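What follows is one structure encoded as structure tokens, with my remarks underneath.
In what follows, chains are A, B, ... by sequence order, proteins preceding strands, each numbered from 1. Note that the structure is predicted; figures quoted are calculated from it, not measured.
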Protein chains: 2
Amino acid sequence: MATLEDIAKVAHVSKMTVSRAINHPELVRDELKTSIFSAMHELNYRPNVAAKALVNNKTQVIKFFVLEDIDITEPYYMKLLVGIAEYLAKYQYSLQLMTDEHLDIGVSDGYIITGMRDEDYDWIKRLELPVVLFGENRWHFDFVDTNNEMGTQLATRYALEQGYDRVVFIGIDVKEPFEYSRENGYIQVMQENQRMPEIHRFANHSHLAMDFIEATWSRITPNTCFICASDRLAFGIQKGILQMSPEIATDYGVIGFDGVFLDQVATPQLTTVEQPMYELGEACAELLLRKIKDNHYPLEERLLQPKLKIGGSTRKK
Amino acid sequence: MATLEDIAKVAHVSKMTVSRAINHPELVRDELKTSIFSAMHELNYRPNVAAKALVNNKTQVIKFFVLEDIDITEPYYMKLLVGIAEYLAKYQYSLQLMTDEHLDIGVSDGYIITGMRDEDYDWIKRLELPVVLFGENRWHFDFVDTNNEMGTQLATRYALEQGYDRVVFIGIDVKEPFEYSRENGYIQVMQENQRMPEIHRFANHSHLAMDFIEATWSRITPNTCFICASDRLAFGIQKGILQMSPEIATDYGVIGFDGVFLDQVATPQLTTVEQPMYELGEACAELLLRKIKDNHYPLEERLLQPKLKIGGSTRKK
DNA sequence: AAGATTGCTGTTACCGCTAACAAGATTTAC
DNA sequence: GTAAATCTTGTTAGCGGTAACAGCAATCTT
């Protein structure tokens, strides 16, 4: 494996100049840079990450904590993780994945954390390295998330455009910012259209949503669309309706939220608000690396735009 | 952060002796070791991974390639990944996750690869670092996998014990060792019990299995159990049967294979052959680290035992 | 009892890279 | 025209570890 020294010999300069050509190119004559870069290319130079890390007192490692129960959330985080990992790899960072803060053995340059419960903010705020959270929060940590409000706005508007008479929101029964945002998006669009909001909330389990449909079926008029705060709930609503009447796509509508795996498993496939998981992962990584480089980087809350993915669970006008 | 030098001062030895106490304890007097370890404890010593990596000409990075389309397989690999990552972290390795062999930028100490297609073995065999594959293969690479044969044996035996008259195998239409093993397990148990095997194969999509049920429903007698090569197919079979008759758990049986997410989404939950994904991940990592340490380590093919997870898609005797 | 062997610890050099400083050449200032 | 400022490159030292070797007692041979 070629080192700076090898490049230096071929380009007839000192290895310091090579190092500078990489890290502070503005300090090196263009002429030299040309021959240095061509030597690097010729010798297929790969920087030695360990040496760089040692001298910079960095680790080139990022820790990713998934604090939520992974059995339940499995599909959700895989693409996020890929986004994070591939972005990091580009900058020669690697990853340690942890599902429990207690087995935090080694050291790293920063943290990406997701699935926080209220009690977690306690130790998170004591961390001494840069942190980026995945998911809205009210504690003034940098975060990246889907624009949840916009997501339910898109969904609600679409439902109204398709001509559903009644548009009901099925929320998740948690006091989390993401849930408030999703409810807000729905409420706003309803009010803009002089419609009365109607919200029901359940723990995020499909069978609860299904039970709700079965229990209240007599009061659920045709031409109703359910805007759900998760695909899981949407899945349950859809199942409940199918159980009661096989005519879902025409008489009823269901819109989910997430667009991760479950929407495709449903029959018909769910119309859903798709979160750009891969891009969210990249954004987490990018923001974190920026904070590592510049430790006065101001607080940033980055919201990426979701997309409405039309499936068969809503009528086509 | 304390260094070897700091420990050395406190313990009144040279830093070399401290290094030895860690890596070759048999060369250091017990007396010194005691005071060295207590100094390490006192100063909360953490080895500097970069320094170690530099001097050993290692990277402390493992690459994990997921070559399969991640959209389809998302849930499947998450727990495997957690198993790999947590095991690696214990030994101060970190991870780079790649979904495409071409964006292989940096360097690493070894590879874990999964989702290989036939054409991939070409470049895999040219890799110059230790490799462990996740998944049976016929090319004499070290691998870790579930004992697929045992999985379908468990399933088939269970189906027979529950008294199903007809036990049919629904396979995945690929020429892969894992599929042959699963079919073999089924065939063996059928023959042991003087039953005639009956196998149908489809691409691994639930709707194909569902269509199959609908198309051949007239010939599907009650008291039949379907042993499926994946939860995806089982999910489709179950849906098909539910469409035709709501009495699945009593008149028919469905057993899946994987036990990853999808089995829990089904209603009723699928009886399935559960792969120990977390442990498989750990095993991949362990085997790889062993091969990195000892490059004459002999070829190893490690099969972990699956478990039958009883759900509501089969009758209880 | 002298030389050889063993057991344990310290010294040196180096892994590949970069910050800090040194130093020469060129330009600018007055 | 000379001192100062600027630009560009090289030299040195050190990041935190470990292998290789050196050195010195204690023990073993014969």
Q: Would you indicate whether the side-chain heavy atoms of A:Phe141 and A:Lys125 approach each other to under 4.5 Å?
A: yes

Q) Closest heavy-atom contact between B:Asp258 and B:Gln275? A) OD1-NE2, 2.9 Å

Q) Heavy atoms, side chains only, cut-off 4.5 Å: are B:Pro306 and B:Met150 in contact? A) yes

Q.
Quick one, A:Phe64 and A:Leu80 - any side-chain contact, counting heavy atoms below 4.5 Å?
A. yes

Q. Is there a side-chain contact between B:Val132 and B:Val144, using heavy atoms and a 4.5 Å cut-off?
A. yes

Please list every donor-acceptor pair under 3.5 Å in which a side-chain atom of residues 18-29 of chain B meets a protein atom from a residue at least two apart or in another chain.
unit_1	atom_1	unit_2	atom_2	d
B:Asn23	ND2	B:Ser19	O	3.2
B:Arg29	NH2	B:Glu31	OE1	3.2

(Q) Can you give me the first and the last nucleotide of DNA chain C (5' to 3') that has an atom within less than 4.0 angstrom of a non-hydrogen atom in chain B? (A) C:dC8 to C:dG16

Q) When you check every protein heavy atom under 4.0 Å of nucleotides 13-22 of chain D, what one-letter string (B, S, -) results, 5' to 3'? A) -BBBBBBB--

Q.
Can you list, in residue-number order, the parts of residues 28-40 of chain B that come under 4.0 Å of DNA chain D, counting heavy atoms only?
A. none

(Q) Would you say that A:Phe261 contacts B:Leu262 through its side chain, given a criterion of any heavy-atom pair below 4.5 Å between the two side chains? (A) yes

Q. Base, sugar-phosphate alone, or nothing: which one does A:Ser14 contact when heavy atoms must sit under 4.0 Å apart?
A. base

**Q.** Side-chain heavy atoms of A:Val66 within contact of B:Val82, under 4.5 Å
**A.** no

Considering only distance and modelled atom types, tabulate donor-acceptor pairs under 3.5 Å from the side chains of residues 277-286 of chain A, sequence neighbours left out.
unit_1	atom_1	unit_2	atom_2	d
A:Tyr278	OH	A:Glu86	OE1	2.7
A:Glu286	OE1	A:Arg302	NH1	3.1
A:Glu286	OE2	A:Arg290	NH2	2.3

Q.
If you compare all heavy atoms of B:Gly115 against all heavy atoms of B:Leu67, which two are closest, and at what distance to 0.1 Å?
A. O-CB, 3.4 Å

Q) Axis-to-axis angle across the helix from C:dA1-D:dT30 to C:dC30-D:dG1, five pairs an end, to 10 degrees? A) 40°

Q: Give the minimum heavy-atom separation between A:Ala85 and B:Leu97, together with the two atoms involved.
A: CB-CB, 3.5 Å

Q. Taking side chain as C-beta onward, heavy atoms only, is B:Leu289 less than 4.5 Å from B:Ile292?
A. yes

